[in-house]
Participant: 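Quick one: the structure is below, and I'll ask about it shortly.
Sequence lines set the chain letters: A, B, ... in the order given, protein chains first and strands last, and positions in each chain run from 1.
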Protein chains: 2
Amino acid sequence: MKKVGRPRQVGQARDTAEALKRSALDLLSRNSYRSVTIKDIGREAGLTTAMIYYHFRDKNDLLRATIEYAIEKALTRFQEVSENIDEPAALIHEWLYMHVNLHSELGKVLKLIIDYNHSDVQTDQIDEAVQRFYGTERDVLMGCVQKGLETGIFSDGKPEEISILVSTFLDGAVLRGQILGETDAQGAAAIQTSVEVFERVLWSALGFRGRAALSSRTG
Amino acid sequence: MKKVGRPRQVGQARDTAEALKRSALDLLSRNSYRSVTIKDIGREAGLTTAMIYYHFRDKNDLLRATIEYAIEKALTRFQEVSENIDEPAALIHEWLYMHVNLHSELGKVLKLIIDYNHSDVQTDQIDEAVQRFYGTERDVLMGCVQKGLETGIFSDGKPEEISILVSTFLDGAVLRGQILGETDAQGAAAIQTSVEVFERVLWSALGFRGRAALSSRTG
DNA sequence: GTCTATAAAAGGATAGAC
DNA sequence: GTCTATCCTTTTATAGAC
């Protein structure tokens, strides 16, 4: 069922819709859904409110599109990291520090998910995107532990449990970055410290004894 | 400068103000500040909107009072736990499981703090209350580690680092409880699992070898 | 201390011109 | 595809009776 006929300025349209989503993401990561107005979003994108209703059904629809946009962008990052690293300990290491480096982006996603969960807007589409988001993390982490146990570099830990442990901790770390550091540097520093400590503790929980080689690369 | 003269129905007034704060807390823990209306809060408390303006300056003032109210209640709980337990490992254990048992209350506080941080309402009073909240946790945890190292039941770990590790993790756990379990049981289960795993990992990080005696009490 | 009624402002949404 | 102008609803806040 492909759309035919003349696609008039369709490139332009996509740009505008995306500009609106970017503006919405930016504003929604700093303020709640209800406190960000249609006018705010339009102004931020250099457009008027009417344009939002041309590209989206209503404000809720823009929220849906924005959350999906943010999650898909984050998932792309997730894949870039996880596809290029085979060695389990190295991948976990990268996973942890990806959260330090991208704490600002990931903080926005987390903030949006929290906001969405506490809003009256509930759609299957977003629910699935959120599930995909956390599911990907779970798959990556469980896969790492599993593989590490098989190859013998890890001697301890259940994949399911470690996965929950890590992703719960990282949620906390990213959240702290959001709560503490309004100034970006402060947030980054807070996350960095806690992740460093956590990594050491994690290696110990996994019975991993080769961290010196890894941490010299990034730390 | 003490107020004298007849304090007409002053007890009643305090009750009403507190009822409003309780209603506000309840609604604000499930919805954002901007999406909760003055009318909602009034209705929840069985009163009209005008009463809010009798007891509080405006909506922002009610938010401020509500956050302080929630934080003070949580701090009271914190003290109840930390005052009655001397042994460091037992106190840390209780601290962790307090977050499981009170995940609903603490989730509300966390939600309010996040909301406050992302609102345009910024007051020194609340900032101080938030600092006191996290400061208390920090003091308790650092105190435990310090004492444990001195008495020799812990053989490893820096107080500052462990404190950051634990409180960051617990933020994540409580947040997960909020995100996942709209149903209270689900949230509790999710937190419980992750805290159990974390506790084991933590004892290992502290070089603590007596956990069997402790976990049999609560686990 | 509490209510009813209402003013005043803000926000979401649409119609119609270009 | 985009803008201007505007309508309608919701929400905050106040005045005044009881």
Participant: Does the side chain of B/Lys39 get closer than 4.0 angstrom to OP1 or OP2 of D/dT11 through an N or O atom?
Facilitator: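 Looking at the OP1 and OP2 atoms of D/dT11, neither is under 4.0 Å from any side-chain N or O of B/Lys39.
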Participant: Using the side-chain heavy atoms of A/Thr49, tell me which of these nucleotides is nearest: C/dT14, D/dT14, D/dT12.
Facilitator: C/dT14
Participant: How long is the line joining OH of A/Tyr53 and P of D/dC7, in whole Å?
Facilitator: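 About 17 Å, once rounded to whole Å.
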Participant: Take the angle between the ring planes of A/His99 and A/Phe78 and call it parallel below 30°, perpendicular above 60°, tilted in between.
Facilitator: tilted
Participant: Find which nucleotide of DNA chain D each of A/Gly46 and B/Lys59 is nearest to by heavy atoms, and output the residue with the more 5' nucleotide.
Facilitator: A/Gly46
Participant: Looking at B/Glu18 and B/Arg22, is any side-chain nitrogen of the basic one under 4.0 Å from a carboxylate oxygen of the acidic one?
Facilitator: yes
Participant: Starting at atom CZ of B/Phe56, determine the distance to atom C1' of D/dT14, rounded to an integer number of angstrom.
Facilitator: 18 Å
Participant: For DNA chain C, which residues of residues 20-28 of chain B approach it to below 4.0 angstrom with any heavy atom?
Facilitator: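 The answer is none.
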Participant: Does the A/Asp115 side chain pair with the main chain of A/Tyr33, one donor and one acceptor, at a distance under 3.5 Å?
Facilitator: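 Checking the backbone N and O of A/Tyr33 against the side chain of A/Asp115, a donor-acceptor pair under 3.5 Å is found.
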Participant: For B/Tyr54 and C/dT2, is the shortest distance between a side-chain N/O and OP1 or OP2 below 4.0 Å?
Facilitator: no
Participant: How bent is the helix from C/dG1-D/dC18 to C/dC18-D/dG1, comparing axes over its five end pairs at each side, to the nearest 10°?
Facilitator: 0°
Participant: In this structure, how many angstroms lie between the C1' atom of C/dA10 and the CG atom of B/Asp120, rounded?
Facilitator: 14 Å
Participant: So which nucleotide from D/dT2, D/dT14, C/dT14 ends up closest to the side chain of A/Ala50?
Facilitator: C/dT14
Participant: Between B/Glu68 and B/Lys21, does any side-chain N to carboxylate O distance fall below 4.0 Å?
Facilitator: no
Participant: Are B/Arg34 and D/dT12 close enough that a side-chain N or O sits under 4.0 Å from OP1 or OP2?
Facilitator: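 No, because none of the side-chain N or O atoms of B/Arg34 sits under 4.0 Å from OP1 or OP2 of D/dT12.
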Participant: Considering only C/dA13, D/dT4, C/dC3, which nucleotide approaches the side chain of A/Asp58 most closely?
Facilitator: C/dA13
Participant: Using only side-chain N and O atoms of A/Thr37, determine if any of them is under 4.0 Å from OP1 or OP2 of C/dA10.
Facilitator: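 A/Thr37 to C/dA10 OP1/OP2: no side-chain N or O under 4.0 Å.
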Participant: Are side-chain N/O atoms of B/Asp40 and B/Thr37 paired as donor and acceptor at under 3.5 Å?
Facilitator: yes
Participant: How close do A/Leu165 and B/Ser194 get, heavy atom to heavy atom, and via which atoms?
Facilitator: CD1-O, 4.4 Å
Participant: To the nearest Å, how far apart are B/Asp40 CG and D/dT12 C1'?
Facilitator: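 These atoms are roughly 13 Å apart.
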Participant: If you only use heavy atoms from C-beta on, which nucleotide in C/dC3, D/dT2, C/dA13 is closest to the side chain of A/His55?
Facilitator: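 Output: D/dT2.
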